[in-house]
2 protein chains.
Amino acid sequence: MNIGEVAERSGIPPKTIRYYEDIGLVRPQRSGNGYRAFRETDLHKLAFLGRARALGFSIEDCRNLLSLYEDETRESAQVKAIAEEHLSAIDDKIAQLQEMRETLSHLVEACRGDHRPDCPILKDLSGDLKNIR
Amino acid sequence: MNIGEVAERSGIPPKTIRYYEDIGLVRPQRSGNGYRAFRETDLHKLAFLGRARALGFSIEDCRNLLSLYEDETRESAQVKAIAEEHLSAIDDKIAQLQEMRETLSHLVEACRGDHRPDCPILKDLSGDLKNIR
DNA sequence: TATAGGGCTTCCAGTCACTGGAAGCTCAAG
DNA sequence: CTTGAGCTTCCAGTGACTGGAAGCCCTATA
């Protein structure tokens, strides 16, 4: 398979696939003309990467997950540890965003949004704490 | 004020303050010895930036918010528009993270996490859909 | 007065995970 | 034989910093 077909079938853009090769996540062979020649296992790996990335795993996590995937002697505890750590990072991020959301939505509600310059959002950002919060 | 004191009082690291000068967010004067000389208004601006960044506004948003802040003829509608757009971006991000969280937490629960290699997380990533989901 | 230290300066490089673009080779169709 | 799509490599840019090196400036102490 050439890169275009693999991109199509894995849902990962060619540029990204080349990048993944650069950083050693996949190692496709080469045809005589210099084109990358992907096997089914490469496609499989890329699809794996696509799903792991969609779950928000970092590239380094993906690298580790892939190597665990290929290691018959892995312990599922190793996989679970990576996943749990990532899960808790996600939870942290959600909490942080919800805190922003909370503050910001109050400010937005308090702002009339008309032609006048008076604005509680700017007031809050400027450090004036006499605000709806 | 030198950069150290401003950093202290604004809560923004010196490196970041220099970066903000680089990209034109603040324009401190200079002392005879080449040191940056910050006025109270610079400090105020940096604190404004710190709070806006803490609410997740991009640097470009911050630039616009600052210039609205300094514009006596602004309309609060302009500020509100920026804030609302940002708020909806935050909502999108939260939704996306919660979807990840949903999938991932089911997978983590389903994984025994012991010494055996069998792992529903890897199974899911490998594209096997016969899974708890 | 020499020196030690801490603070300040600039500049360059690295982060993360791509993404865009340019220049040029290969291949299949007409 | 040309056209156009697909492939190659390499370089640069994204966002918002952050780390580090090399070197100047200032103050305090021995």
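Computation of the quantities below employed the complete heavy-atom set of this structure, encompassing side-chain atoms and omitting hydrogens, waters and symmetry-equivalent molecules. Each chain gets a letter, A, B and so on, in the order its sequence line appears, and its residues count up from 1. What you are looking at is a predicted structure, and each value in this text was computed from that prediction instead of being measured.
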Residues in residues 61-68 of chain A with a heavy atom under 4.0 Å of DNA chain C, by number, are none
Here the distance between atom P of dC11(C) and atom CZ of R18(B), to the nearest Å, is 12 Å
Rounded to 10°, the angle between the first-five-pair and last-five-pair axes of the helix from dT1(C)-dA30(D) to dG30(C)-dC1(D) is 30°
Per the under-4.0 Å heavy-atom filter, residues of residues 85-95 of chain A near DNA chain C come out as none
Rounded to whole Å, the CG-P distance (D22(B) to dT18(D)) equals 14 Å
Under 3.5 Å, is there a donor-acceptor pair linking the side chains of D114(B) and S76(A)?
yes
- [ ] Output yes when a side-chain donor or acceptor of S31(B) lies under 3.5 Å from a complementary backbone atom of G34(B), and no otherwise.
- [x] no
Those residues at least two apart in sequence (or on a different chain) that pass side chain to side chain contact (heavy atoms under 4.5 Å, CB included) with S67(A) are none
Could you pull out the protein-nucleic contacts involving nucleotides 21-25 of chain C (nitrogen or oxygen on both sides, under 3.5 Å)?
{"unit_1": "dG21(C)", "atom_1": "O6", "unit_2": "K15(A)", "atom_2": "NZ", "d": "2.2"}

The complete set of ring-ring contact (aromatic ring centres under 6.0 Å, His included) pairs with one or both residues in residues 5-36 of chain B, sequence neighbours excluded, reads none
For E5(A), the salt bridge (Lys or Arg N to Asp or Glu O under 4.0 Å) test, sequence neighbours excluded, returns R9(A)
Sequence neighbours excluded, the answer for side chain to side chain contact (heavy atoms under 4.5 Å, CB included) partners of R30(B) is E21(B), R36(B)
N/O (side chain, R30(A)) to phosphate O (OP1/OP2, dT9(D)) under 4.0 Å
yes
Taken to the nearest whole Å, CG/L49(B) to C1'/dC17(D) is 14 Å
Exam field: side chain S10(B) to backbone V6(B), donor-acceptor pair closer than 3.5 Å
yes
Residue set satisfying salt bridge (Lys or Arg N to Asp or Glu O under 4.0 Å) with R18(B), at least two apart, ordered chain then number -> none
Any side-chain N or O of N33(A) below 4.0 angstrom from OP1/OP2 of dT8(D)?
no
N/O to N/O distances under 3.5 Å, protein versus nucleotides 13-17 of chain C:
{"unit_1": "dA17(C)", "atom_1": "OP1", "unit_2": "I59(A)", "atom_2": "N", "d": "3.3"}
{"unit_1": "dA17(C)", "atom_1": "O3'", "unit_2": "R53(A)", "atom_2": "NH2", "d": "3.3"}

When rounded to whole Å, the CZ to C1' distance for the pair F38(B) and dC8(C) reads 11 Å
Report which part of the nucleic acid R36(B) touches: base, sugar-phosphate, or nothing (heavy-atom distance under 4.0 Å, all strands). sugar-phosphate
So the ring-ring contact (aromatic ring centres under 6.0 Å, His included) pairs with at least one residue in residues 41-82 of chain A (sequence neighbours excluded) are F48(A)-Y69(A), F57(A)-H86(A)
Sorted by chain and residue number, the side chain to side chain contact (heavy atoms under 4.5 Å, CB included) partners of E72(B) (sequence neighbours excluded) come out as none
Quiz prompt | Polar side-chain atom of R74(A) near backbone of D71(A) as donor-acceptor pair, under 3.5 Å | solution = yes
Could you check whether R27(B) pairs with D42(B) (Lys NZ or Arg NE/NH1/NH2 to Asp/Glu carboxylate O, under 4.0 Å)? no
With salt bridge (charged side-chain N to carboxylate O under 4.0 Å, His left out) as the test, would you mind laying out the steps for E70(B) and K45(B) before giving the verdict?
CA-CA 10 Å; E70(B) 290 172 340; K45(B) 260 195 194 183; 3.4 Å; yes
Discussion item. Please check if the number of heavy atoms outside E8(B) that lie under 6.0 Å from its CD is greater than 12.
Written reply: no
